Amino acid sequence: MRGLVRVCVAVAAGLLVQARARSEEMAFDPARWPFTAIGKLNVVTGPGSRQFCTATLIGPRLVLTAAHCLWDRPRQRWVEPGSIHFVAGYDQGHYVAHALASSVRKPPDYVYAYGTSRPNMPNDWALIELASPIPLRPLSLEHLATPEDGRRTRVDIQRAGYRRSTSQLMSAQNKCAARLTEGSAPLLVHDCRAIPGESGSALLQVEDGQPTVIGVLVAGPRAGGPPGPSYAVPTSAFLGAALEMLREQTASP
């Protein structure tokens, strides 16, 4: 996963509240919802060459991921939609559903070469329209539920994805803490571990047993470096675009 953030420990401590729950690996069934809505995003970059990230089904024909997952590193260009495969509920060669992409929508201001610079990260999201609908229950988008002062941390955040080190298996965590940064282009700072391959996975807030997507993972601390927070783009950055695409898909025959 590209997206390694250089932050000093003091700044990281200031972004997360001091009292927070420690994230944990959780027991789950990849063949059951909501994990069936989470899939491996395989991107073909040439003959015998591919890369992957994680993505989430948010509509019958709409998938959410990180923009940097769609950069063809060998050719130094954006991949064509026909090279993008969404494989829902993938587990050791088995999967629940599969579809090719037909189009991609991402912010024009996102520049892959700028990496995880602070101005670049809020634009690191992509919405992938699928060529055919997937007959699975999607996850819905919501804003992070926080008190009005926006300073408290939630500890009921879950996240699931596909790590490069265990690419055939979905991994999941819960009891993560998350909060929004301030400013006109906020980020979600959270303590779910971010391991290469898990870019593009959704942060799920669970309330009354119902999970909703509150952001998409884009960066974590540098491998081998000091511990620090991970970063996600909140739904506020792409909610309008997602709703527009969902309306268009519903209106089209």
Side-chain angles (χ1 to χ4, degrees), residues 1 3 23 25-26 28 30 32-41 52-70 84 86-90 96-97 101 104-106 121-130 134 136-145 154-163 170-180 186-207 209-220 229-239 241-243 245-246:
M1 177 190 72
S23 61
E25 297 294 317
M26 62 180 291
F28 70 102
R32 297 187 63 182
W33 191 84
F35 301 101
T36 49
I38 298 167
K40 198 172 183 181
L41 192 74
F52 76 88
C53 278
T54 302
T56 304
L57 188 71
I58 58 172
R61 291 177 50 220
L62 193 61
V63 168
L64 169 69
T65 192
H68 74 257
C69 293
L70 307 180
I84 303 168
F86 176 67
V87 189
Y90 181 84
V96 182
V104 173
R105 182 167 177 175
K106 54 183 174 53
M121 275 199 292
N123 293 314
D124 193 359
W125 57 266
L127 296 167
I128 300 171
E129 185 170 32
L130 301 176
I134 286 185
L136 295 171
R137 180 182 176 186
L139 281 156
S140 59
L141 303 177
E142 292 289 348
H143 294 295
L144 176 68
R154 302 288 302 204
V155 294
D156 53 358
I157 306 300
Q158 297 181 1
R159 193 188 58 73
Y162 294 88
R163 301 172 179 174
M170 185 186 296
S171 301
Q173 303 171 60
N174 64 354
K175 298 185 179 178
C176 300
R179 58 153 291 184
L180 280 169
L187 289 169
L188 274 172
V189 186
H190 61 95
D191 64 357
C192 278
R193 287 182 294 280
I195 299 173
E198 294 180 327
S199 275
S201 57
L203 262 64
L204 306 179
Q205 179 173 266
V206 182
E207 289 194 310
Q210 292 300 310
T212 53
V213 176
I214 60 166
V216 57
L217 176 70
V218 296
S230 299
Y231 295 85
V233 179
T235 54
S236 57
F238 49 82
L239 181 61
L243 292 177
M245 293 179 73
L246 288 169

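Hydrogens, waters and symmetry mates play no part in the numbers below; they use all other heavy atoms, side chains included. This is a predicted model, so every value here is computed, not measured.
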For this session: Assess whether side chain to side chain contact (heavy atoms under 4.5 Å, CB included) is satisfied between Y162 and M170, documenting all intermediate values.
Result: CA-CA 5 Å; Y162 294 88; M170 185 186 296; 3.1 Å; yes
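- Residues L187 and P122 form a side-chain contact, since some pair of their non-hydrogen atoms from C-beta on lies under 4.5 Å apart.
- Looking at residues two or more places apart in sequence or on another chain, you find a side-chain hydrogen bond (donor to acceptor under 3.5 Å, both in side chains) between E129 and R61, S103, Q249.
- With contacts defined as side-chain heavy-atom distances shorter than 4.5 Å, the pair I134/V96 does not qualify.
- Atom NZ of K106 is separated from atom CG of L127 by 11.5 Å, given to the nearest 0.5 angstrom.
- When side chains are defined from C-beta on, H68 does not count as touching M121, because their heavy atoms never get closer than 4.5 Å.
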Problem set entry | Test log, rule side chain to side chain contact (heavy atoms under 4.5 Å, CB included), inputs T56 and V63 | CA-CA 5 Å; T56 304; V63 168; 5.9 Å; no
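- Taking every heavy atom of both residues into account, L217 and H190 meet most closely at CD1-NE2, 3.5 Å.
- Formation of a donor-acceptor pair under 3.5 Å by the D191 side chain with backbone atoms of A177 is found in this model.
- You'll find the side chain of L70 reaches within 4.5 Å of the side chain of L41, heavy atoms only.
- With sequence neighbours left out, the ring-ring contact (aromatic ring centres under 6.0 Å, His included) criterion links F86 to no other residue.
- In this structure, the side-chain contact (heavy atoms from CB on, under 4.5 Å) partners of P211, at least two apart in sequence or on a different chain, are W33, P34, L139, L204, V206.
- Taking both residues in full, the closest heavy atoms of G200 and V216 are given as O-CG2, 3.4 Å, listed atom of the first, atom of the second, then distance.
- Taking S201 as the reference, R159 meet the side-chain hydrogen bond (donor to acceptor under 3.5 Å, both in side chains) condition, with sequence neighbours excluded.
- Here T65 contributes atom OG1 and D124 contributes atom CG; the two are 8.5 Å apart, rounded to the nearest 0.5 Å.
- For the pair P234 and H143, the minimum side-chain heavy-atom distance is 4.5 Å or more.
- Scanning both residues, G220 and S230, for their nearest heavy atoms gives CA-OG, 3.9 Å.
- Contact detail for T235 and G215: the closest heavy-atom pair is CG2-N, 3.7 Å.
- A heavy-atom distance below 4.5 Å is found between the side chains of C69 and S199.
- When every heavy atom of P30 is checked against every heavy atom of T36, the shortest pair comes out as O-CG2, 3.6 Å.
- For the pair G59 and L246, the tightest heavy-atom approach, listed with the atom from each and the gap, is CA-CD2, 3.8 Å.
- Separating the CG atom in L141 from the CD1 atom in I214 is a distance of 11.0 Å, to the nearest 0.5 Å.
- Looking only at side-chain heavy atoms (C-beta outward), V189 and Y231 come within less than 4.5 Å of each other.
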For this session: Could you walk me through whether L130 and L57 pass side chain to side chain contact (heavy atoms under 4.5 Å, CB included), step by step?
Result: CA-CA 10 Å; L130 301 176; L57 188 71; 4.2 Å; yes
Exercise. Please walk me through it: do F28 and N174 pass side chain to side chain contact (heavy atoms under 4.5 Å, CB included)?
Worked result: CA-CA 11 Å; F28 70 102; N174 64 354; over 6 Å; no
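- Atom CZ of residue R179 and atom CD1 of residue I157 lie 13.5 Å apart, to the nearest 0.5 angstrom.
- With sequence neighbours excluded, no residue forms a ring-ring contact (aromatic ring centres under 6.0 Å, His included) with F52.
- R105 pairs by the salt bridge (Lys or Arg N to Asp or Glu O under 4.0 Å) definition with E244, not counting sequence neighbours.
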